[in-house]
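Worksheet: one structure, shown below.
Ligands are counted one by one from 1 in listed order, and the atoms in each one are counted from 1 as well. All residue numbers in this chain count up from 1 along the given sequence. From a predicted model like this one, the values you see are computed outputs, not experimental measurements.
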Amino acid sequence: MFNKVLIANRGEIAIRVMRACRELDVQSVAVYSDADKYSLFAKFADEAYSIGESSPSKSYLNIDKIIEVAEKSGADAIHPGYGFLAENSRLGKECEKHGIKLIGPSGSVIESMGDKITSKKLMRSAGIPVIPGTDKGISDIDEAVEIAESIGYPVIVKASAGGGGIGMRTVYEKDELVRAIESTQSVAASAFGNSTVFIEKYLEEPRHIEFQIMADEYGNTIHVADRECSIQRRHQKLIEEAPSPIMTEDLRERMGSAAVKAAESINYANAGTVEFLYSNGDFYFLEMNTRIQVEHPITEIVTGIDLVQEQLKIASGKELSCSQKDISVTGHAIECRINAENPLKDFSPNSGKITGYRSPGGHGVRVDSGVYMNYSIPTFYDSMISKLIVWDRTRTAAIDRMKRALSEYVILGVKTTIPFHKAMMRSADFRAGKLNTHFVDEHHKGITEEMEKVVIEDKERWNRLKSTFLPQKKVAAITTAVGSYMNNVQIQQKEK
Ligand code: ADP
């Protein structure tokens, strides 16, 4: 096992990785930007180093600086978390040059899976069903029109290097196609530095179902069951659950085997996720993410496997600690992403100081968070501030537990997605498991009305709770008193 791991990330995932390190008796090293000087994760690590200015390009994406800190601190491995450098093949190459182990797959795997056209081609040749569409970039508009006609409208124009739901346009008729291609190309060029776009069939009411994969360096590959992530806004996930409400033993066997085959076909080693769209009884490969996912805790809870510990063990050259027959799913887990966003204003990002904070607890509740009372949320990074995860024996009981946990979650000072999640837990269609990726748009009116009610209820309840938070003035007075006491102690010690 490693002695020391540098975590090239921030927020809740940095803390999550540090927890796994601590349990394995591995030292952890945090790197933080100027904006994260007072972040919880920087305090949580065994060692912490400043790596530069707040903008990601000057800190969390600065590979040379991160390698320099890894060498200086004596870290023998780097965990990239998700986002930032997690799917950057250069990080792997630089690590190799400097004799540092990257807790992730090889650079060539990252490159081929990070490109949607290449990954679809590879999967098709491995016999995995893929969504009908082109397997090369669009170079000519006449050709694009021909392809779209042969697939049949609606189609979706996607950036090959795309991610995070960015760079996708749905096209319902020929007249919209040229404009959609041009606009997707320009978004792709500015967001990903690569303007290649392609066309595939737009599935109208699909469910997003994905499989967790674990594979070691000795060719052992297993799936750690499924998650459903159909509750999305702007093609980004908001609520995830495990297992999918429609999962049967037969479907899990078929989809799970396809996911394992996908990973085996590229000699994958690490934790990963094979994402599928499921529609009318058929499933299609969507993409493979070659890293730990945001929503990994729900899988951990229903299977009992610590996925981050497994990642560390695999990267340090150990074999998988379990085989496929050891994997079984118990009960139901749900994760709500708590983002600093205003769900009543089209999920617009929100930042500011958390003036009151109380996180939920009790049986079957897990909170993976990177924030605390009086913490100021920086504007430079993504808006997720914590993840609320619950477990219970059945899906209905898990929804009720989530309702209870959400009612305990108090975050004052910034707008969050809590009202959205509360509204969702009350939705009859959500409770019935009638999900598809358009759920949030299709239920917009009902969810908004429910959120408006929630906001009024919360305001009344939180006003009552306010007195239980220490007023700001008192906090300042206590800090000053403790400071002067410590000073006195030091003076007395010196005098002695
Ligand atoms: P990204 O890599 O940007 O996250 P994905 O290809 O993983 O993009 O897709 C994200 C989401 O976009 C999916 O979960 C789904 O909601 C929607 N989507 C993508 N492709 C299609 C498609 N062909 N038909 C319908 N929805 C799609």
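With hydrogens and angles ignored, the 3.5 Å screen pairs no side-chain donor or acceptor of Arg291 with any backbone N or O of Pro80.
In this structure, Glu204 has no heavy atom closer than 4.0 Å to ligand 1.
Residue Glu275 approaches ligand 1 through these ligand atoms, each under 4.0 Å from one of its heavy atoms: 7 (O). Near Thr437, meaning under 4.0 Å from any of its heavy atoms, are these atoms of ligand 1: 16 (O). Heavy-atom proximity to Ile131, at under 4.0 Å, picks out these atoms of ligand 1: 23 (N). Counting the atoms of ligand 1 from 1 in the order shown, those under 4.0 Å from a heavy atom of Gly164 are 1 (P), 3 (O), 4 (O).
In the candidate list Lys116, Glu205, Lys158, Lys158 is nearest to atom 19 (C) of ligand 1, counting heavy atoms. Of all the listed residues (Gln232, His235, Lys237, Glu210), Gln232 holds the heavy atom that lies closest to atom 14 (O) of ligand 1.
Ring geometry, Tyr202 versus His438: the interplanar angle falls from 30° to 60°, so the pair is classed tilted.
A heavy-atom distance below 4.5 Å is not found between the side chains of Leu6 and Ile100. Contact annotation: the side chain of Val414 never approaches that of Ser351 to less than 4.5 Å [non-hydrogen atoms, C-beta and beyond].
Of the protein's heavy atoms, Leu203 O, 3.3 Å lies nearest to atom 25 (C) of ligand 1. Nearest to atom 8 (O) of ligand 1 among the protein's heavy atoms is Met168 CE, 3.1 Å. Here the protein heavy atom with the shortest distance to atom 27 (C) of ligand 1 is Leu277 CD1, 3.6 Å. Nearest to atom 3 (O) of ligand 1 among the protein's heavy atoms is Gly165 N, 2.7 Å. Counting only heavy atoms of the protein, atom 7 (O) of ligand 1 lies nearest to Glu287 OE2, 2.9 Å.
Separation of the Phe420 and Phe347 ring centroids falls under the 6.0 Å cut-off. The aromatic ring centres of Tyr278 and Tyr284 sit 6.0 Å or more apart.
In terms of N/O distances under 3.5 Å, ligand 1 is not approached by Tyr202. Between Leu286 and ligand 1, no N or O atom pair is found at a separation short of 3.5 Å.
In terms of heavy-atom proximity, Val302 sits nearest to Ala242 at CG1-O, 3.6 Å. Considering all non-hydrogen atoms of both residues, Tyr82 and Met384 come closest at OH-CE, 3.1 Å.
Ion pairing between a basic and an acidic side chain is recognised when a charged N comes within 4.0 Å of a carboxylate O; Arg227 and Glu240 show no such pairing.
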